[in-house]
Each structure stands twice: as structure tokens, then as C-alpha cells.
K.L.:
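Below you'll find the structure I mean.
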Number of protein chains: 2
Amino acid sequence: MSVHFPDGAQRPDAGIHCQTCSLSAICLPLALKMEDMDEFDAIIRRRAPLVRGETLCRQGDTFSQVFVVRTGSFKQVVLDEEGEEQITHFHLPGELMGLEGINENVQPGFLIALERSTVCEIPFHQLDALAERLPGLRNELYRSMSRHMGEDHHLIRLLNCKSADERLASFLLDLARRFQRNGHSPKNFRLPMSRTDIGNYLGLALETVSRMLGRLQQQSLIELKGRELHILQPEALYQFSESHPCLGHALNRQKG
Amino acid sequence: MSVHFPDGAQRPDAGIHCQTCSLSAICLPLALKMEDMDEFDAIIRRRAPLVRGETLCRQGDTFSQVFVVRTGSFKQVVLDEEGEEQITHFHLPGELMGLEGINENVQPGFLIALERSTVCEIPFHQLDALAERLPGLRNELYRSMSRHMGEDHHLIRLLNCKSADERLASFLLDLARRFQRNGHSPKNFRLPMSRTDIGNYLGLALETVSRMLGRLQQQSLIELKGRELHILQPEALYQFSESHPCLGHALNRQKG
DNA sequence: CGCAGTATTGATTGATTTCAAGTCAAGTGG
DNA sequence: CCACTTGACTTGAAATCAATCAATACTGCG
């Protein structure tokens with residue numbers, strides 16, 4: 001994984017700007033003209049890097065800003081009444097975090113760094129004020145939220161119908177797609193999260209995760225050494241992830 | 001279910017306006033002043049009512065507008081490559097449909113009326129143009145999308161962890177909450193969808209749905225006759241829906 | 001037109017089965 | 001030591017198969 005910002009100096013704001021950011025092609029200001037980008041850049045706050053396991057925001061915090069992953073990755077963890085943790089999302093570079101907080105005005109979960117990571121903080125009311133004047137930014141904000149919704153639906157379908165091995169296949173392809181989006185190879189990348197986290201996210205025991213990954217490997221669909229992944233046959237992996245028909249339900253066509 | 005619009009005349013636009021709509025307290029223009037609402041009202045197109053089973057929009061249609069349910073209800077059905085149907089959402093009055101289409105610029109699924117229903121169509125570019133000038137509307141649009149995301153996450157948690165009976169309990173409570181939002185009793189309402197649809201949505205066989213509903217009834221948590229539902233003990237039902245701990249996964253705390 | 005008769009669909013309930021995935025346990029390796 | 005793998009064994013939740021019932025729609029006939 002290449003270092004996007006050779007920030008020898010650890011201070012935040014050490015010469016980091018949207019205009020020169022390697023993520024500018026996929027990040028919010030994607031559609032902005034140079035002069036508009038200056039304005040956008042001015043409302044961003046860059047944090048000092050977070051170390052692995054560090055918490056960026058806590059569930060229940062008042063919502064006032066959104067975050068963009070600049071480098072590294074995060075998990076979003078929701079804690080329910082009984083204290084059960086549930087990972088609802090992984091966030092990769094260029095992805096916007098915290099948008100669900102708008103409605104209830106609180107952060108919906110913990111955001112925890114999976115590795116050394118850096119983020120941009122964007123105060124939401126300033127973002128909105130800017131969006132008012134910049135249609136391109138506004139549009140990108142809509143699209144970002146819309147994309148989020150689409151991804152959630154993908155996950156819903158996944159959890160609803162798929163067996164453990166299919167879930168894993170889907171999961172890896174999803175990561176691949178998102179890594180590709182931010183300029184990585186979609187075939188070779190490093191899983192930023194533990195098997196336990198994957199299991200939690202997909203609703204499986206960690207042993208099952210390990211087993212199913214093994215199975216995908218036996219079939220030569222992937223090659224996995226530790227967290228280093230090679231997708232050998234993306235096409236076949238996709239076929240596999242969509243293979244088995246859903247359960248018996250969903251078949252009977254009827255009106256309502 | 002009361003008739004919101006005694007439209008003896010079946011023509012669309014037959015004297016229907018946001019200013020007098022019974023949903024105005026929860027719908028998009030909720031935050032608008034009277035004069036702004038006139039403008040908003042002017043971009044809305046009212047369709048003739050749809051009958052049960054009728055399709056409002058098709059998966060893959062070009063995205064150009066969003067819809068608001070005025071009366072009745074809809075299911076959103078996604079068809080995958082193998083022709084499997086999967087219901088990803090039910091939509092009740094006052095709820096916005098089609099927002100996921102923004103990103104990919106296509107409608108993400110079929111919207112099918114579950115009963116005789118009416119909708120408002122809102123051309124998206126006009127909505128955006130108006131949102132540019134009306135911060136209240138813009139905000140409501142954000143909130144609506146954010147709420148959507150939150151609901152999806154709720155469903156994700158549900159599918160990830162919960163057993164069949166807990167799913168049913170959660171599902172009913174979710175409907176109750178949403179019916180309450182648009183002015184109905186949260187304890188007594190009519191399920192607009194069939195058991196088959198519920199099963200599809202929750203990832204269960206229809207027999208299981210029926211069985212589990214029966215079980216909830218035996219425990220006197222609900223009373224159900226056909227599709228007519230009374231929630232007898234909302235509090236206990238909630239306890240029940242959250243009761244069993246998740247599977248073994250998710251317990252081991254660790255960094256990443 | 002109305003009405004009995006029939007088909008169709010939706011829902012409930014019971015009995016039986018199964019296999020996917022969890023659990024427990026031991027071992028590997030960075 | 002922790003993250004992961006692998007194996008053997010178990011289980012029980014939910015699918016399947018099947019029979020029945022209720023409600024609604026449809027049909028043709030007097």
C-alpha cells in the first residue's frame with residue numbers, strides 16, 4: 001500500500017491540501033473547479049494520524065461533522081443495549097463516514113482505526129453552506145449518500161440469501177471494487193481487518209470465515225497468505241458468489 | 001385507513017396540493033414557509049392512483065425523479081441475474097422512494113403497489129434546483145437520506161444476528177414506528193403485505209413467518225387476524241426482539 | 001342480473017428432515 | 001502471545017413436504 005502523503009512532519013495540516021491530494025479524483029470535491037476547491041479546502045480540518053485501535057468518534061457523540069478516510073481504514077461498530085458489538089461498515093480511503101448521523105443528530109456508532117490512518121474532518125454546516133453555492137459539490141454529496149444506500153442494499157441481499165462461502169466471495173469482491181475505485185489493483189490487496197472482524201460483519205464465526213477462505217483457496221479462486229490477498233479468478237469468484245439460488249422463499253410470484 | 005383525499009374525480013392533480021396534504025408534517029416540504037411551499041408544490045406531479053400489483057417504476061429505468069407515497073404502500077423488488085426476486089424495502093405514506101438511483105443514475109429496483117396507492121412524482125433536477133435556494137428543503141433531503149441509511153443498518157443488524165421470531169418482532173415494531181410517524185396508531189394497523197412478502201424481506205420461508213407470528217400471538221405479545229394487527233405489549237415485544245444474544249461471533253474484543 | 005358452484009390464492013398447522021454453521025479442541029506460525 | 005488454521009463432532013433452527021381451511025375472484029346459468 002503506497003503512502004499517499006509523505007508527511008515526515010507529523011503535524012496536522014502539514015502542507016496537505018485537496019488540490020494535491022491523490023484522492024481528489026474520487027473524493028467529495030471531485031467536481032469542483034480549482035478556485036472552488038480552495039474554498040472547500042479551507043473548511044477541512046486534518047487530524048493527526050490515528051494509530052490502530054484508536055477511536056475517531058464515539059457512538060452517541062453529537063453529530064457536527066463528517067469524515068473522509070485519507071489513508072488507512074476504519075470499522076464502524078454499533079453497540080446495542082446488551083453490549084453486543086456489531087460491525088456495520090468498513091471504510092476505505094476516499095470514503096465518507098458519519099452521514100447517517102444527520103437524521104438523529106448523533107453519531108450512529110464508533111469509528112475505530114484498523115491500522116495507522118489519517119482522516120479529513122468536515123464540519124457539516126460549513127459543508128452544507130458550501131454545497132448551497134456549489135452544485136457540483138451538492139451533487140457529489142447526494143451521490144455519496146446514494147452510493148452508501150446502494151451498498152447497504154447489497155449487503156442486505158447478501159445477508160438475506162447467501163451461505164457462508166458466498167458471503168465471503170461477495171465480501172472480497174466488494175472490497176476489490178472499492179480498492180479499485182481509489183486506484184489500487186482490484187486483484188491484489190491487503191485485508192485491513194482481522195478474521196474476527198470479518199466474521200462479525202458477515203454474521204459468521206471466525207472459524208467459519210477461516211474455513212471458507214480456505215475453501216475458496218482450494219478452488220483456486222483466490223490466494224491468501226495472512227491478510228495478503230490475490231484474487232486469481234475474479235470472474236469465477238463472482239459466479240460463485242451468485243451461484244446458489246436463494247432459499248425456497250422469494251419464488252412464488254404474486255401480487256401483494 | 002382513512003382516505004386522505006376524497007378525490008371523487010379520478011384525474012390527477014384534482015385539487016391536491018402540499019399546502020393541504022395531511023402528510024405535510026412529515027413530508028419533504030416540512031420545513032418550508034408557505035410561500036416556498038407554493039414553489040415546491042408547483043414542481044410536483046400527481047399520478048393517477050395505482051392499483052394493487054401495478055408497477056410504478058422498473059429496475060434499470062433511467063433515474064430522473066423520486067417518488068413520495070401519498071396513500072397506500074409499495075414494495076421495492078430487486079431482480080438479480082438469476083431472476084431471483086428480493087424485496088429490499090417496504091414504503092409507507094410520507095416516505096421517499098428512489099433515492100438510491102442518484103448514484104448510478106438508474107432505478108435500483110421495481111416499485112410495486114401493495115394496494116391501491118397514490119404517489120407524488122418529483123423531478124430530481126428541479127428538486128435540487130429548489131434545494132439550492134431553500135436550506136430547509138435541502139436539510140430535509142439530507143435527513144431523509146440519512147434516515148434511510150439508518151434504517152438499512154437496522155435491517156442489517158437484524159439479518160445478521162437475529163433468529164426468525166426476533167426478526168418478526170423487529171419487523172412489526174419497525175412498521176409500528178413508521179405508521180406512528182405518519183399519524184396512525186402504533187399499536188393497531190393493517191399489514192399491507194402478504195406473508196410471502198414478509199418472508200422474502202426477512203429471509204424466511206412463508207411457513208416460518210406464519211409459525212413465528214403464531215408464536216408471538218401465543219405469548220400474547222400481539223393479536224393478529226388476517227392482516228389486521230394489534231400490538232398488545234409493545235414493550236415486551238421490544239424486549240423479545242432484542243433478547244437472545246448474538247451468535248458466538250462479535251464477542252472477542254480486539255484491536256483490528 | 002344475482003347466485004350457486006368452482007377455482008385460486010393466502011394462511012395456518014403439523015410432522016419430519018437436514019445440513020450449514022457453531023462449538024470445542026489442538027496445533028501452527030509470525 | 002495473538003491471529004489464524006484445521007479437524008472432529010454436534011446441533012437445532014428453519015426448510016420441506018403435506019394437509020387443511022378461509023377468503024376472494026371467476027364462471028356460467030337460470
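Here is how names work: the chains are called A, B, and so on, in the same order as the sequence lines, proteins then strands, and each is numbered from 1.
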K.L.:
If you define the side chain from C-beta out and look only at heavy atoms, does anything of B/Val68 sit under 4.5 Å from B/Val119?
P.N.:
no
K.L.:
OP1 or OP2 of C/dA11 versus the side-chain N and O atoms of B/Ser210: is any pair under 4.0 Å?
P.N.:
no
K.L.:
Nearest whole angstrom, please: distance from the C1' of C/dA21 to the CG of B/Asn160.
P.N.:
14 Å
K.L.:
Between A/Met212 and B/Gln217, which residue's closest nucleotide on DNA chain C lies nearer the 5′ terminus?
P.N.:
B/Gln217
K.L.:
Could you check how far CG of A/Leu213 sits from P of D/dT5, rounded to whole Å?
P.N.:
7 Å
K.L.:
Please state how far atom CG in B/Leu202 lies from atom C1' in D/dA14, giving the value in whole angstrom units.
P.N.:
14 Å
K.L.:
Any non-hydrogen side-chain atom of B/Phe110 less than 4.5 Å from a side-chain atom of B/Val78?
P.N.:
no
K.L.:
C/dG10 P sits how many Å from B/Leu191 CG, rounded?
P.N.:
15 Å
K.L.:
Are OP1 or OP2 of C/dA11 and a side-chain N or O of B/Arg227 less than 4.0 angstrom apart?
P.N.:
yes
K.L.:
Between C/dA21 and A/Arg211, is there an OP1 or OP2 to side-chain N/O distance shorter than 4.0 Å?
P.N.:
no
K.L.:
To the nearest angstrom, how far is B/Leu206 atom CG from C/dT9 atom P?
P.N.:
14 Å
K.L.:
Between P on C/dT13 and CZ on B/Arg195, what's the gap in Å once rounded to a whole number?
P.N.:
10 Å
K.L.:
Mind calculating the distance between CD (A/Glu207) and P (D/dA8) to the nearest angstrom?
P.N.:
15 Å
K.L.:
Indicate whether any N or O donor in one side chain lies under 3.5 Å from an N or O acceptor in the other, for A/Glu207 and A/Ser210.
P.N.:
no
K.L.:
Apply the side chain to side chain contact (heavy atoms under 4.5 Å, CB included) test between A/Asp152 and each candidate in A/His89, A/Glu100, A/Arg147; give the one that qualifies.
P.N.:
A/His89
K.L.:
Would you say A/Ser194 places a side-chain N or O within less than 4.0 Å of OP1 or OP2 belonging to D/dA3?
P.N.:
no
K.L.:
Can you measure A/Lys225 atom NZ to C/dT28 atom P for me and round it to whole angstrom units?
P.N.:
16 Å
K.L.:
Using side chain to side chain donor-acceptor pair (under 3.5 Å), reason through B/Ser73 and B/Glu115 one step at a time and then give a plain yes or no.
P.N.:
CA-CA 6 Å; B/Ser73 51; B/Glu115 58 196 308; 2.5 Å; yes
K.L.:
Just compare C/dA21, D/dA14, C/dA11 and give me whichever is closest to any side-chain atom of A/Ser163.
P.N.:
C/dA21
